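Note sheet for the following structure.
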Amino acid sequence: MARILITSAIPYINGIKHLGNLVGSQLPADLFARYMRARGHEVMFICATDEHGTPAELAAAKAGKPVDEYCAEMHAVQAELARGFRLSFDHFGRSSSPQNHALTQHFARRLGENGLIDVVTEKQIYSVADGRFLPDRYVEGTCPNCGYERARGDQCENCTKQLEPTDLIEPRSAISGSTELEMRETRHLYLRQSRLRDRLDAWIDSKTDWPVLTTSIAKKWLHDGDGLQDRGITRDLDWGVPAQFPGAPWEGMEGKVFYVWFDAPIEYIAATWEWADAHGLSEKDWHRWWRTDKGADDVRYVQFMGKDNVPFHTLSFPATIMGSGEPWKLVDYIKSFNYLNYDGGQFSTSQGRGVFMDQALSILPADYWRWWLLSHAPENSDSEFTWENFQASVNKDLADVLGNFVSRVTKFCRSRFGEEVPAGGSFGPEEEALIERLRALLGAYEGFMENMEIRKAAGELRAMWVAGNEYLQAAAPWAVFKTDPERAAAIIRLSLNLIRLYAVVSAPFVPDTSERMLAAMRSDDDSWPEDPARALAALPPGHGFTVPDMLFRKITDEEREEWQQRFAGRRD
RNA sequence: GGGCCUGUAGCUCAAUUGGUUAGAGCAGAGCGCUCAUAACGCUUUGGUUGGGGGUUCGAGUCCCUCCGGGCCUACCA
């Protein structure tokens, strides 16, 4: 039994996430976690909300609430949606937790003591009306290059020219519109990650099995221009982990907090600590996942994230860990995803474009979304959600191939033999062929799941469902029954067992349906079918079952059109 | 501007890393079955692999170039 630590990129707090966010980290991480648990491994699956930063403060202000209250509410909302999608986190933490405050300050102190933190004095734009320093992109003005009036301080969206906020003509605050801006001096902590460049470079080089998407981004940052740049890890904000604290090896950081990208990855560790606290466990219980000197040396650590998160997970966070000089667990494998687009454009939180997690669940059960999203995960390139494709895939794969198989087998049995596994008859070459086919498909499925090749895994799973229909068609128990009921009994006995096997192997993709299938078979045996032949004998003759309600209803053309309309515009 | 990814059947994607005749699913067509959610099974149409050039005995795969799509470019997270 292996021990596997799984983290999903932590979703930002300022609103409900869309399906693109979901499929880019949390959902595939859940698939992997569920599969590894099903195979008997010890899994720690961690996620959290990322609660600090300017956007959180602004979102709270817009909602007219104190930021801590706002974050607590939004955390509860996101946690509820995570439950709705059956994301099986062992803990869903908060980056604002006391544990993360403590760990973030701990890492910062260690880095400071190891000479990896500089205090840098710099000038930044301060908005008097807003009472805060403005990140570059929160300064708007007219682009000096093309004259676009809503250019941002980091880049003009119109002509794509990169800008400094001071380049803008008639700059104003993007928050209030105030033009009362001034340059003020401020001091910040910088992580001297450039000093760790060679170590990071060698470490990345050693990760030959990582996706190109992951390593190429890391390499770019390591070698582009002057190489890896030092990075400011504090901000002039109120909401966050205070950068000045007792024992800090620097002074003068009062009123400043750590940059979210410094504290967010540390929350992976802190959330595991939160998990231990929540379960009345001790330090050693979470250290054994994270400290290689305290039991984590045999842990396999896998991270899931969208491609936009890659630099922070390949460079900044490892730099934090390496620079601490302490034996914290580094990531072993990073599974990164491209983006899911929505009907010809991008999903957009800020523009409210696409389908959001709460809306999705209000339309259809989680399994519909899980199946489509996972079987179309944007692994190799950006992929696209269209309602036509969603309708077609879900109806065909779930309703016709899987759902209908369960229906035809259980109903046939009920009408001919009653609601119990029929006895009699024996297996022949057709059964042998089916078992061999399943053995091959299952092996391929396991290989793809192990390697996190999600689409391919979905394809193999679907092929297992198809194999059942093929078998049934060839064996034709409805015809055989007329002349040889015993033989028909054997066919149906195998088919009923097939339903239980499907429930087990399909559980990582469609957990709710899997439960319903097991319940219908009145079985609590969800052990993995290491040997298909034996697994298909789990339900003995005479074992009672229930004909389940329709597992998946079909999406009608009318519904599809209505949803297409409803989600065409902006949210709210 | 620079870097990276990408373009394969109407749609969504494969192709063991340069090796026979480019494969699946869906959609379309035909046939079969009647247990089942008009579901299932079998057969089948469909491709100058974005265009052009090159290397090679051999190119979807490598090189050059052009065209299209996307991401990143370090103060959104």
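Treat the numbers as computed from the prediction; the structure is a model and nothing was measured.
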Quiz item: On RNA chain B, nearest-nucleotide positions of A:R235 versus A:A476: which is more 5'?
Solution: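 In this pair, the answer is A:A476.
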
Could you identify the nucleotide paired to [N], looking across every strand shown and requiring Watson-Crick or G-U wobble geometry with both distances under 3.5 Å?
N: B:G1; value: B:U73
N: B:A38; value: none
N: B:G28; value: B:U44

Practice problem: Record whether the side chain of A:N404 comes under 3.5 Å of the base of B:A36 through a donor-acceptor pair of N or O atoms. | Solution: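 Side chain to base: pair present.
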
Quiz prompt | A:E267-A:S95 side chain donor-acceptor pair, cut-off 3.5 Å | solution =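 Result is no, nothing qualifies.
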
Self-check item: Whole-Å P distance, B:U48 and B:U61
Solution: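 Comparing P positions in B:U48 and B:U61 gives a spacing of 16 Å.
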
Self-check item: Presence of salt bridge, A:E140 and A:R172, under 4.0 angstrom
Solution: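 So A:R172 pairs with A:E140 through a salt bridge.
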
Quiz item: Do A:N469 and A:R408 pass the side-chain hydrogen bond (donor to acceptor under 3.5 Å, both in side chains) test, and can you show the C-alpha distance, the side-chain angles, and the key distance before you say yes or no?
Solution: CA-CA 10 Å; A:N469 282 305; A:R408 64 194 299 204; 2.8 Å; yes

Self-check item: Whether over 12 other heavy atoms sit under 6.0 Å from A:D557 CG
Solution: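 Yes.
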
Exercise. Give one of base, sugar-phosphate or nothing for A:F312, where a contact means two heavy atoms less than 4.0 Å apart.
Key: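 Base, at least one base heavy atom under 4.0 Å.
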
Hey, what are the protein-to-nucleotides 23-29 of chain B N/O distances that come in under 3.5 Å?
unit_1 : atom_1 : unit_2 : atom_2 : d
B:G25  : O3'    : A:R462 : NH2    : 2.8

Quiz prompt | Nucleotide B:C5, atom P - distance to NZ of A:K220 in whole Å | solution =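 From A:K220 NZ to B:C5 P: 12 Å.
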
